[in-house]
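If you read the sequence from its start, that first residue is 1, and numbering goes on from there. The figures that follow rest on heavy atoms only: side chains count, while hydrogens, waters and symmetry mates do not.
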Amino acid sequence: MASPEAPVRSGVPEHGRVPKYYAVKTAVEELVGGMAEGSVLPTERELAERFGVARETVRQALRDLLLQGRLRRSGRGTAVAGPKLAQPLSLRSYTEGVRHRGQVPGRTLIGLERRPAGGALGARLGIGAGDQVWHMERVLFADEERVGLESTYVPAGRFPDLDTGFDPDSSFYSYLGRHGVRLAEGEERIETLLATPREALLIGTPPALPMLLLNRLSRDADGTPVEHVRSLYRGDRFSFTAALREEP
C-alpha cells in the first residue's frame with residue numbers, strides 16, 4: 001500500500017499518459033529508495049542508457065528531485081539527500097528547533113543596523129514611523145549547511161544594547177529571556193517564492209530553487225509586539241509541522 005504522503009495514483013493521470021521525464025523521475029525515486037544517504041547516483045549518461053531516454057530527459061527528472069530535496073549536488077555528481085528538517089510552527093526559536101532534530105544550529109551575522117521603522121513596520125510593532133528599530137540579518141545553518149536567511153526587526157527603544165549586549169551567533173530568544181521578555185503569542189504567515197539574486201547568493205542556492213517564506217509577529221504576555229521576523233528557508237531542506245486543536 002502506498003504511503004499516505006505519496007501522490008494519489010503515484011501522480012499518474014486517469015488517462016494513464018505521463019511525460020517521459022516523470023517516468024524517469026519515478027524510476028530514479030525507486031532507485032534512491034534503496035540507497036543510503038550520501039550515496040552517489042550513476043551519471044546522467046548511465047541513467048539515460050539504463051532508461052533508454054535522452055540525457056536532457058534525465059536532467060529534467062534529476063532537477064525535479066533536487067528541488068524536492070530527495071537529491072543534492074555532490075562535487076560534479078548527484079547524491080542521495082538526507083531527510084528534510086521538520087521545523088515546528090511554534091514560538092520556539094530556530095536554535096531550539098534544530099537542536100530538537102539532533103542537529104547543530106548556527107548563524108552568521110550579515111548586518112545589524114538602526115533605522116527608522118517606517119509606516120508599515122512601525123504599525124506592526126506598535127511604534128511610530130519615525131521611531132528607531134534594529135534590523136538584524138543572519139544566515140542560518142544546520143550542521144554547517146546553509147539553510148536559510150533571517151531578518152529580525154525589534155524596537156530599538158526597548159532593546160537599546162542589542163549591538164553590544166547580544167552575541168549574533170547565539171539564540172535571540174535567549175537574549176530576550178535575559179531581558180525578562182517572555183513571548184506569549186504570535187502570528188505567522190507562510191508563502192512560497194523564489195529568492196532574489198542577493199538572497200540566493202547568501203544562502204548558496206540557485207535562484208530557481210523554491211523557498212519557504214515565513215513572516216512572524218511575536219507578542220509578549222501583555223500583548224505588546226516584540227519582534228517581526230522574516231525567515232527564508234530552502235524548500236528542498238525544510239518542512240514545517242503544526243499541532244492542530246479544535247477551538248472552543
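A pairwise comparison of heavy atoms in Leu194 and Leu209 identifies CD2-O, 3.9 Å as the closest pair. When all heavy atoms of Val24 and Ala61 are compared, the closest pair comes out as CG1-CB, 3.8 Å. Minimum heavy-atom separation, Phe166 to Pro168: O-CD, 3.3 Å. Across all their heavy atoms, Ala36 and Ser39 have their closest contact at O-OG, 2.8 Å.
The side chain to side chain contact (heavy atoms under 4.5 Å, CB included) check on Glu113 picks up Arg115, His135, with sequence neighbours excluded. Under the rule for a side chain to side chain contact (heavy atoms under 4.5 Å, CB included), the partners of Ala200 that lie at least two apart in sequence or sit in another chain are Ala195, Thr205, Pro207. Residues passing the salt bridge (Lys or Arg N to Asp or Glu O under 4.0 Å) test with Arg73: none are found, sequence neighbours excluded.
Residue pairs that meet the salt bridge (charged side-chain N to carboxylate O under 4.0 Å, His left out) test with at least one member in residues 35-47, sequence neighbours left out, are Glu44-Arg55, Glu44-Arg59. Here salt bridge (charged side-chain N to carboxylate O under 4.0 Å, His left out) pairs that include residues 139-150, with residues two or more places apart or in two chains, are Arg107-Glu150, Arg138-Glu150, Glu145-Arg234, Glu145-Arg237. For the salt bridge (charged side-chain N to carboxylate O under 4.0 Å, His left out) condition, the pairs that include at least one residue of residues 124-137, sequence neighbours left out, are Glu137-Arg198.
The aromatic rings of Tyr175 and His179 sit tilted relative to each other, their planes meeting at an angle between 30° and 60°.
Contact of the Pro225 side chain with the Leu217 side chain is registered, since non-hydrogen atoms from C-beta on lie closer than 4.5 Å.
Atom-to-atom distance recorded for Leu112:CG and Asp163:CG is 6.0 Å, nearest 0.5 angstrom. Asn215 contributes atom CG, which lies 4.5 Å from atom CZ of Arg189 (distance to the nearest 0.5 angstrom).
In this structure a side-chain-to-backbone donor-acceptor pair under 3.5 Å is present from Asp220 to Asp222.
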Stepwise salt bridge (charged side-chain N to carboxylate O under 4.0 Å, His left out) test for Arg158 and Glu227: CA-CA 11 Å; Arg158 187 169 186 179; Glu227 61 165 4; over 6 Å; no

